[in-house]
> 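To start, I am sharing the structure in question, which I have written as structure tokens.
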Amino acid sequence: MQTTLSINGIETEVNAPEGTPLLWVLRDRLGMTGTKFGCGIAQCGACTVHIDGLPGRACVTPVDSLDGASVTTIEGVEGPEADAVRAAWTEIDVPQCGYCQSGQIMSAVALLQVNGAPDDEAIDNAMAGNLCRCATYMRIRRAIKDAATRI
Amino acid sequence: MTTLTDIKTGPNRVEGRAKVSGGAIYVNDTLRPNLAHVAFAGSAIASGRIRAIDTRAAEAAPGVIAVFTHETLPPLTEPGGMREPIVALHGDRIHYADQFIAAVVADTTAAAEAAARLITAEYDIDTPIATLDAAEATAFEPEQWNAFRTPTSSRGDADGAVASAPVQIDWTVETAMRQHNPIEANTTAAEWDGDRVTIWNADQYIVETMQIAARALGIPEENVTVLVDYVGGAYGCKVGPWPHTILTAHIARLVGRPVKMALSRRQMYSSAGHMPATRQRIRIGLSDDGRLQGIVHESLSQGPTHDPQYCEWAAMPSRYLYDCENVRTQHLVAPMHNGAPTTMRAPHEGVGLFALDTALDDVSYRLGIDPVELRLRNIPPRDQHFDIPWSTNAQAEVYHAGMEAFGWADRPAEAGTLRDGDELVGIGMASALRPNSKTNAEARASVDAEGRITVASATSEIGTGTPTALSIVAAEELGLPIERINVLMGDSTLPPAPYVAGSVTMASVGSAVLLAVRALKDELGRIAVAQGGSPLFGADAASVTFHGDVLIHSDDPSRRDTFASIAARAEGGAIFAMGRFAPEQTGSNSRSLGAQFVEVRVDPLIGRIRVSRMLGVFAVGRIISPKTARSQATGGMIWGIGEALMEKTDLDPRTARPVNASFLDNYVPVQGDVPEIDVIFLDDTDRDPNPLGSKSIGEVVSTGVAPAIANAIYHATGKRLNKLPVTSEMVLG
């Protein structure tokens, strides 16, 4: 199936069998490996990208459902929220192994884009779908609050 | 003196930028021209034999390049030494559910996985052993691992001392089969060039993978290179090669293409290890004033039927945590039809502390002695197991620091008395314990004509912060900023490093780096005074002093030279030096120690348990890298929340198949489970000879959490629970 979508601002034509997950297109066809494969069933959040500005799981999103959509990945996310999140993430030592962090950052940026001063409950809810086995959660909470003050 | 560390203290993680930009490369990100993909088909049964296997549909499926079974795969040359002793596709015997019965190679991952599902087999089915109860009858004493990890121990007359003690407790606990559950599944890629192979492997021990791959593939070790930039979580399940790693390299040679393989999430519950379940009985005798008279600690741990090696040494803490002259311990392994177990953060002590420290908590109430005070009365004056002195022992300071920082004095002694609205509140604690481990390691330090300083060792970064810590070690020794240090790791052709496991890396590789940098300085001084073009030519090497990367003559400061200039004049334009660390037997011993303090809130209507406050106090030597050490500590403590309240792999008691083999229902902690956590590192520089003065951190930080939570639940509810994970049903029951 032919699909035309914007990926990090670049109009991209994809010809893939119906139902092909966006994640496979990103990683295997376009070589954009910043977005990670974790579970394949939207249970871990490692593949979180922004689809028309909202966080979504690339592993369960058929690319043919995205005709005309705008997709942003960890490689392309930018703006004051992304800058603040990256700065806070680095200073507060959020990543450990780092494998889930592309997804964590995409969820955190999406949260800050709609809520400039999230409290603990808002953070817990927004980040609930992003697993981190190194358990960086306490620093994620702190870094999101820290990032909110930097924007 | 105590230090309450702040996360903003200390240098940032050197690979931090890569890890916030999507730029850090993991094995599954390996992109090679003409890459093919491997998927394994798994056994539907847990015990028996493959009678017939039908691969025709898979072979005819789109994109399929080859299918291999035990009937068609040419065997490995010497298939031994991997994380499990049997190698799939090397026989028709089935030892556990989902054991590989075929490998499919295809153009894409999707094609390989789809074709693997088309493979069918007929089996001669044996009844699997799927529970500890069923396995207990065939339990056996495991082989000794080393001088400490032995199946039994006995000092004094433990049974007699317990029987004659005025206060006794006889307590049995169970801990669950648990999974490492890294977000990055175990992944391998391999590419051949003639008779040389490059293996990219998500790996905590690339040197061992190189060695075992060479033997299995029938080529010299120098023909094997194992690479890994970053490992996406490990926790024990990626220590050296599992069969899937070696089989992937084998298949790449057979199909003549580079191949990549990632275990499916389901296969992560059978083919990459687990922490075995245990059942432990502990009997303790105490005097009326709370002094330990005797401990008998017996552990039965879940083994596989096909591996006689792995034992969860759960009775270990009873040998060396508290002061007791009469101790007997015993370990048995009960073989079941499950995949091979392996070490998982934190093995042995981490599991055994649940028995020892819930028992002590229980008896503290009976004695009317505060739980911390009871521990303070039982601090061992020496290592009673080996009968040698401690090199350091900050155990009392650990408890005192924790009590003060957590506000322990405000805790009511009686259980079931604290409430906050509708919730029951409880405060508990437990000790944390692991050995202070170190082992042989080598590192190379070098400087080139541009003055670039590089330290190199074949360790790998699993998230613990090794590149940062090694940078700090080298930078401190040289008096240079850490940005000046380039760290090379993740390549088996570098000087050999040990497993990144057992909390050995800082003491071992860190010490090797320190020795290498010292040797590099010696080499630079020696070469400079002998170099015709050097302003230091002809000087006595002993008169040369180092100021960062400048060498200055101590009597004539106008005579000076730089690392870069000395390297530029040297043959090859670079200077190298090696550091080799080998721990000495010193006649003393030390432990990585700590204490966990926990506050829980229990909703008595629905049994919901929340951890609302945590403090970890650790005496773990000199802290080299404050940020990454602190991250290890909080991560380990949250890991302990998972152990206490969530993590359990359930095997179907009839089929021995894991029934919750996915993140859907194999629970791990998430954002909302995590309270505010404080960490205190005590000043505990270890005099035991490791030139850094560091100690093991990565595992001890996760120990003690589960008993501390169970003890806090008792304080909240008056319910003494003896099974991990603790669930709402148990609190309500």
Side-chain angles (χ1 to χ4, degrees), chain A residues 17 20-21 24 27-28 31-41 43-46 73-77 85-87 89-105 120-121 123-143 146, chain B residues 7-8 10 12-13 15-26 28-31 108-110 180-185 230-235 262 264-265 461-465 627-628 630-632 634-639 641-642 662-664 668-677:
Chain A
T20 301
W24 298 5
R27 289 181 53 83
D28 294 344
M32 297 169 64
T33 57
T35 308
K36 301 305 182 195
F37 176 87
C39 68
I41 53 170
Q43 289 297 310
C44 77
T73 72
I74 186 69
E75 291 95 343
V77 67
V85 163
R86 285 194 172 111
W89 245 241
T90 304
E91 185 179 356
I92 291 172
D93 194 43
V94 174
Q96 285 183 254
C97 85
Y99 194 80
C100 72
Q101 292 297 332
S102 297
Q104 303 283 0
I105 287 169
D120 286 356
E121 190 180 356
I123 292 170
D124 288 351
N125 289 335
M127 306 303 291
N130 288 87
L131 300 184
C132 175
R133 199 56 172 141
C134 299
T136 60
Y137 300 120
M138 201 184 74
R139 297 191 303 285
I140 287 173
R141 187 184 295 136
R142 181 158 169 194
D146 188 277
Chain B
I7 192 56
K8 292 194 175 182
N12 289 341
R13 188 175 291 261
E15 80 282 13
R17 187 71 203 170
K19 286 182 174 174
V20 299
S21 63
I25 300 296
Y26 302 81
N28 208 352
D29 304 334
T30 306
L31 300 169
T108 66
T109 308
H180 308 74
N181 271 326
I183 309 299
E184 178 206 46
Y230 296 105
V231 180
Y235 325 107
S264 71
R265 192 47 65 180
E461 164 59 1
I462 61 171
T464 53
K627 281 195 180 184
T628 58
R630 192 178 190 283
S631 295
Q632 279 287 92
T634 55
M637 292 167 72
I638 297 166
W639 187 267
I641 295 177
S662 87
F663 285 135
L664 272 174
V668 297
V670 299
Q671 185 73 44
D673 297 318
V674 174
E676 278 305 298
I677 297 173

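Letters A, B, ... mirror the listed sequences (proteins, then strands); counts begin at 1.
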> Of the backbone (N, CA, C, O) and the side chain (C-beta and beyond), which part of A46(A) lies under 4.5 Å from a heavy atom of chain B, both, or neither?
side chain

> Measure across M138(A) and T634(B) and return the closest heavy-atom pair with its distance rounded to 0.1 Å.
CE-CG2, 3.8 Å

> With rounding to the nearest 0.5 angstrom, report the CD to CG distance, Q43(A) to L664(B).
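Separation between the atoms: 4.0 Å.
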
> Please classify the contact of T90(A) with chain B as side chain, backbone, both or neither, using a heavy-atom distance under 4.5 Å.
both

> Is there a side-chain contact between R27(A) and L31(B), using heavy atoms and a 4.5 Å cut-off?
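Side chain of R27(A) against side chain of L31(B), heavy atoms only: no contact under 4.5 Å found.
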
> Can you tell which part of I105(A) gets under 4.5 Å to a heavy atom of chain B, answering side chain, backbone, both or neither?
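Side chain only.
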
> Is the NZ or CZ atom of R17(B) both under 6.0 Å from the centre of the six-membered ring of W89(A) and within 45° of that ring's axis?
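Ring-cation test returns no.
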
> Donor-acceptor pair, distance only, cut-off 3.5 Å: does the side chain of Q671(B) make one with the backbone of Y137(A)?
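Yes; at least one donor-acceptor contact below 3.5 Å.
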
> Side chain, backbone, both or neither: which part of I641(B) has a heavy atom under 4.5 Å from chain A?
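Neither; nothing under 4.5 Å.
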
> Does any non-hydrogen side-chain atom of W639(B) lie less than 4.5 Å from one of C134(A)?
no

> Could you tell me which of L131(A), D120(A), I140(A) has the largest number of non-hydrogen atom pairs under 4.5 Å with chain B?
L131(A)

> Taking all atoms of both residues into account, what is the closest heavy-atom pair of W24(A) and A110(B), and its distance?
CZ3-CB, 3.0 Å

> Could you look at A24(B) and say if it's the side chain, the backbone, both or neither that has a heavy atom under 4.5 Å from chain A?
backbone

> Counting only heavy atoms closer than 4.5 Å, note whether E461(B) contacts chain A via side chain, backbone, both or neither.
side chain

> With only heavy atoms counted, which part of V670(B) is less than 4.5 Å from chain A, the side chain, the backbone, both or neither?
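Both backbone and side chain.
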
